[in-house]
There are 2 protein chains.
Amino acid sequence: MYHSSMARAATTSDAFNAVAEPRRRDILNYLALQERPVGDIVASLGLEQPSVSKHLRVLKDVGLVRARREGRHILYGINAEAIRPLHEWTSTFERLWRNQLQRVKERAEEKMKKV
Amino acid sequence: MYHSSMARAATTSDAFNAVAEPRRRDILNYLALQERPVGDIVASLGLEQPSVSKHLRVLKDVGLVRARREGRHILYGINAEAIRPLHEWTSTFERLWRNQLQRVKERAEEKMKKV
DNA sequence: TTGACATATTCCCATATCGGAATGTATCAT
DNA sequence: ATGATACATTCCGATATGGGAATATGTCAA
């Protein structure tokens with residue numbers, strides 16, 4: 001890149017950015033059930049067709065979905081492997097929220113004793 | 001909102017958007033170890049102070065971090081609870097990548113038998 | 001070939017974004 | 001009060017974004 005400043009990491013750069021968009025999460029949720037043609041997504045989510053195509057393009061570029069042609073239709077399906085990095089990153093904080101919940105629980109039990 | 005089109009969901013809208021920015025993930029990773037003042041983050045991650053303050057602002061607005069004043073310092077710590085929704089959303093796909101891996105494994109074993 | 005259908009791409013616009021620079025604000029020590 | 005320290009905020013510019021509308025591409029059927 002030749003530019004001294006960048007506005008924001010491109011949405012196409014990685015899975016984290018791709019799933020930041022709610023509609024794209026909706027699409028992934030929908031595709032999680034089953035492989036589907038674009039038209040089904042359009043109908044089910046009530047979005048414009050070009051909008052869906054553009055979101056699918058982003059998801060495909062970061063590897064979150066795979067596409068294959070089937071006659072006149074193009075079937076999109078999830079590539080779940082690409083979601084793992086997100087899962088694993090969030091997992092590194094699991095210990096923390098368990099501790100925090102544990103502390104809340106302990107404090108509650110302390111109060112019960114005092115009563 | 002009065003506008004017919006929006007460019008993109010605001011970064012401050014939810015945790016998904018907040019963690020889409022790599023530097024904010026860096027900050028969260030750093031704070032996961034221990035509560036820290038802003039200056040430590042600046043020094044450790046090699047970012048400009050205003051930049052760090054702005055990222056912290058975003059993280060605080062979506063509840064990913066908590067701040068408390070300690071003399072001249074402001075200590076920032078993680079609020080791990082706010083990461084759970086991300087973890088849980090990614091978990092809904094766990095079954096899928098396990099299946100996909102299983103299929104890969106099975107295919108590999110098939111090939112071994114044929115040799 | 002000519003449509004009809006399914007999907008992708010392009011163009012335009014309003015707006016959100018980040019970084020840098022400058023400035024504001026709060027707290028403590030003297 | 002003054003200055004030093006630690007952060008936060010504001011303003012700016014370059015750029016990325018998503019939606020809408022229009023258009024292009026690709027596939028099948030007659």
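Below, chains carry the letters A, B, ... as their sequence lines are ordered, and counting in each starts from 1.
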Original post:
Got a second to check how far L33(B)'s CG is from L28(B)'s CG, nearest 0.5 Å?
Top reply: 11.5 Å
Considering only nitrogen or oxygen atoms on both sides, find all protein atoms under 3.5 Å from nucleotides 2-8 of chain D and state each distance.
residue, atom, partner, partner atom, Å
dC7(D), OP1, V38(B), N, 3.4
dC7(D), OP1, H73(B), ND1, 3.1
dC7(D), OP2, G39(B), N, 2.8
dA8(D), OP1, Y76(B), OH, 2.3
dA8(D), OP2, S53(B), OG, 2.5
dA8(D), N7, Q49(B), NE2, 2.6
dA8(D), N6, Q49(B), OE1, 3.3

Original post:
With hydrophobic residues grouped by side-chain heavy-atom distances under 4.5 Å, do I74(B) and I27(B) end up in a single group?
Top reply: yes
Original post:
Do R23(A) and H55(A) have side-chain N/O donor and acceptor atoms under 3.5 Å apart?
Top reply: no
Could you check how far [atom1] of [X] sits from [atom2] of [N], rounded to whole Å?
X	N	atom1	atom2	result
D26(B)	dG19(C)	CG	C1'	16 Å
D61(A)	dA8(C)	CG	P	12 Å
H55(B)	dT9(D)	NE2	P	14 Å
R68(A)	dT27(D)	CZ	C1'	16 Å
I27(B)	dG19(C)	CD1	C1'	13 Å

**OP:** Tell me which of L47(A) and E70(A) sits closer to the 5' end of DNA chain D, going by the nucleotide each one is nearest to.
**Re:** L47(A)
**OP:** For W89(A), enumerate each residue passing the ring pair (Phe, Tyr, Trp, His ring centres under 6.0 Å) test, keeping only those at least two apart in sequence or located in another chain.
**Re:** F16(A), F93(A)
Please table the atom pairs, donor to acceptor, closer than 3.5 Å between any side-chain atom in residues 41-52 of chain B and protein atoms at least two apart or in another chain.
residue, atom, partner, partner atom, Å
S44(B), OG, Y30(B), OH, 3.0
S44(B), OG, D40(B), O, 2.9
Q49(B), NE2, S53(B), OG, 3.1

Original post:
Within the structure, does a side-chain N or O atom of S51(A) lie under 4.0 Å from either OP1 or OP2 of dG19(D)?
Top reply: yes
Subject >> Heavy-atom side-chain contact between R24(B) and L56(B) under 4.5 Å >> reply: no
